[in-house]
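These notes are about the structure you will find just below.
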Amino acid sequence: MRRRIVPALSLPLALLLSACVSSHAQDNSGSSGNTDGKGDVTLDVGDQKGNDEAVLRAAGQLKDLPYKIKWSTFTSGPPILEAVSAKAVDIGGVGNTPPVFAAAARSHIKVVAAKHGTSDGETILVKKGSPVKKTADLKGKSVAVAQGSSAHYQLVASLAKAGLSIKDVKVSFLQPADALAAFTRGKVDAWAVWDPYTSQALRQSDARILTTGQGVVNGLNFQVANPSSLKDAKKVKVIKDYLGRLRRAQDWVYKHPEEWAKVWSEETGLPYQVALDSVKRTNGTRVYVAVDKPAVASEQRIADTFAKLKLTPRRYAFADYVDTRFNGGLPPSTSAPRTYGKGS
C-alpha cells in the first residue's frame with residue numbers, strides 16, 4: 001500500500017466524519033470500489049474507508065462469495081444513508097446517529113442489524129492539568145463538539161446526568177480536526193468526541209478522560225437497508241448471508257486485535273498504536289445483537305433529544321424505520337460488550 005504522511009495532530013480525511021456526524025459531507029457521492037464474488041445477484045454496499053470491506057477482507061470473509069458485492073466508498077454515515085434511500089446502494093453500515101436524522105427527513109431506510117460495543121471511546125476530554133474534575137465543573141466552560149453527532153448527544157446526556165443543561169456550557173460546534181486543534185492549543189476547556197479521536201488525544205494531546213458514555217449512550221452501530229431491497233427475495237437471501245459474514249468478521253477482530261489494528265492503520269493512516277488503543281477500547285468490543293425493543297427505545301431517546309433541540313424537523317416513531325426479520329438467534333441489544341480486560 002502507498003505510505004501516507006499523517007500530521008501528528010490530525011487524522012486522515014476518510015475518518016473526519018466517520019463517527020456519525022449528521023451534517024452532510026461536501027462530496028456526498030460514493031466512489032466506485034472493488035467488486036467481490038460471482039453470481040447473478042449483486043449486493044451494492046455503501047461503506048467508509050477502513051470499515052466493513054476492510055474487516056471482511058482481513059478476516060477472510062470475502063472468499064467464495066456465491067454472489068457479487070459491489071463496494072461504494074463514502075466519507076461518512078449521512079451520505080451512505082442518502083445513497084440507501086435513493087436505491088444507489090442496497091445496504092450500508094453507520095453509527096447510532098445518522099439513522100435518527102435520516103428518519104427525521106423521511107428517508108427510505110430500514111435498520112436491519114445492530115452491533116453493541118463499549119462506550120469507553122465516547123468521551124468528554126479535558127487537559128491533564130485542568131481544574132475540571134467532574135462533569136458538573138463544566139458549568140460556564142467551553143466545550144467543543146461536532147453538531148448533531150453521537151458526541152453531541154453524549155454531551156447533552158452527560159450534562160443532564162450532572163444536573164446541567166446544554167445552556168450551562170459554552171458550546172463550540174467544531175468538526176474533529178478543528179476541535180482537536182482548538183483543544184490542543186487550549187482554545188476550549190473540553191472536547192466531547194469518540195474513538196479513534198479519544199485514543200489519539202490521550203496519546204498526543206495531553207488529554208485525560210473526564211467522563212465516558214457509559215450509562216448515557218447506547219454503544220450501537222447499525223446496518224441499514226433500502227426497503228425495496230428488502231422486498232426482493234434474492235436480495236434478502238444475500239443480505240442475510242452478508243450479515244452473517246460481518247458477524248464472523250467481528251469475532252475475528254476481537255480475537256486478532258493487533259492484526260486488525262495493523263490493517264486498519266494501513267487503510268486509514270491512523271498511527272498503529274492509536275489504532276490498537278481504539279480496537280481494545282471500542283472497536284474490538286462490539287458484538288452483533290438483535291434490533292429489539294430496548295435498541296429501538298434507546299434510539300427513540302436520541303431522536304426525541306435532537307427534536308427538542310430543534311436539530312431535526314419533526315418527532316416520529318423510530319420503530320417505523322426498523323426491520324427485525326434478521327434478529328433470529330442473536331442476543332439482546334442490552335448484552336454486555338466484549339472486553340480485553342484491565343491493562344490491555
Side-chain angles (χ1 to χ4, degrees), residues 11-35 42-56 69-115 145-153 173-179 193-197 220-230 235 239 242 246 264 267-270 299 302-303 306 311-314 316 318 321-322:
L11 285 177
L13 180 62
L15 282 173
L16 278 179
L17 295 175
S18 64
C20 331
V21 180
S22 67
S23 56
H24 299 306
Q26 289 182 344
D27 180 7
N28 288 345
S29 60
S31 59
S32 297
N34 300 313
T35 298
T42 298
L43 187 68
D44 289 291
V45 178
D47 194 23
Q48 297 174 55
K49 193 165 184 65
N51 282 15
D52 293 336
E53 180 186 358
V55 73
L56 285 167
I69 296 180
K70 181 180 178 183
W71 301 96
S72 296
T73 304
F74 297 81
T75 56
S76 62
I80 288 177
L81 293 184
E82 288 184 0
V84 170
S85 183
K87 303 181 184 179
V89 299
D90 297 301
I91 192 169
V94 298
N96 68 352
T97 307
V100 165
F101 282 85
R106 304 180 192 276
S107 295
H108 301 292
I109 62 167
K110 289 284 186 179
V111 173
V112 296
K115 55 184 175 181
V145 67
Q147 185 172 6
S149 67
S150 58
H152 192 177
Y153 176 75
F173 288 124
L174 298 172
Q175 292 300 328
D178 294 331
V193 73
W194 55 83
D195 251 341
Y197 293 103
L220 294 173
N221 290 76
F222 298 110
Q223 291 290 324
V224 183
N226 183 277
S228 65
S229 300
L230 298 172
K235 284 286 178 73
I239 286 172
Y242 175 71
L246 286 174
W264 198 21
E267 284 282 329
T268 63
L270 282 168
E299 288 295 295
I302 297 174
F306 283 121
L311 289 173
T312 55
R314 68 185 181 108
Y316 63 93
F318 191 81
Y321 294 86
V322 169

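Source: prediction; values computed, not measured.
Put simply, CD1 on I239 and CG on L246 are 11.5 Å apart, with the number rounded to the nearest 0.5 Å. With values rounded to the nearest 0.5 angstrom, D47 atom CG is found 5.0 Å from D52 atom CG. Summarising the geometry, atom CD belonging to Q48 is positioned 7.5 Å from atom OG1 belonging to T75; distances are rounded to the nearest 0.5 Å. For the atom pair CG of D44 and OG of S72, the computed distance is 6.5 Å after rounding to the nearest 0.5 Å.
The aromatic rings of W194 and Y197 stand perpendicular to each other, their planes meeting at an angle above 60°, with 30° marking the opposite boundary. Ring geometry for F101 against F306 counts as tilted: the plane angle lies between 30° and 60°, on a 0 to 90° scale.
Shortest non-hydrogen contact noted between A83 and F74 is CB-CZ, 3.6 Å. Between N221 and G95, the closest heavy-atom pair is ND2-CA, 3.6 Å. Taking each heavy atom of K110 and P227 in turn, the nearest pair found is CG-CG, 3.9 Å. Among all heavy-atom pairs drawn from L56 and W71, the shortest one is CD1-CH2, 3.7 Å. For the pair V224 and P99, the tightest heavy-atom approach, listed with the atom from each and the gap, is CG2-CG, 4.3 Å. The two residues S149 and A146 make their nearest non-hydrogen contact at OG-O, 2.6 Å.
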Checklist entry - Stepwise, does the side chain to side chain contact (heavy atoms under 4.5 Å, CB included) test hold for V145 with V193? => result CA-CA 7 Å; V145 67; V193 73; over 6 Å; no
Item to check | Derivation and outcome, side chain to side chain contact (heavy atoms under 4.5 Å, CB included), residues R106 and R314 | outcome: CA-CA 10 Å; R106 304 180 192 276; R314 68 185 181 108; 3.4 Å; yes
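A side-chain contact (heavy atoms from CB on, under 4.5 Å) with F222 is found for one member of V111, T97, L81 and no other, namely V111. Checked against I109 for a side-chain contact (heavy atoms from CB on, under 4.5 Å), the options I80, V84, V322 give a single hit: V84.
Residues E267 and N51 have side chains that never bring a donor and an acceptor to within less than 3.5 angstrom of each other.
Two residues are said to be in side-chain contact when any heavy atoms from C-beta on lie closer than 4.5 Å; E53 and N34 meet this criterion. By the 4.5 Å heavy-atom criterion applied to side chains, Y242 and Q223 are counted as neighbours. By the 4.5 Å heavy-atom criterion applied to side chains, I69 and T42 are not counted as neighbours. Side-chain contact between E299 and V100 is present, with heavy atoms from C-beta onward closer than 4.5 Å. Looking at W264 and L270, their side chains come closer than 4.5 Å, going by heavy atoms from C-beta outward.
Side-chain N or O atoms of S85 include none that pairs as donor or acceptor with a backbone N or O of E82 at under 3.5 Å. Not one N or O on the side chain of D90 forms a donor-acceptor pair closer than 3.5 Å with the backbone of L43.
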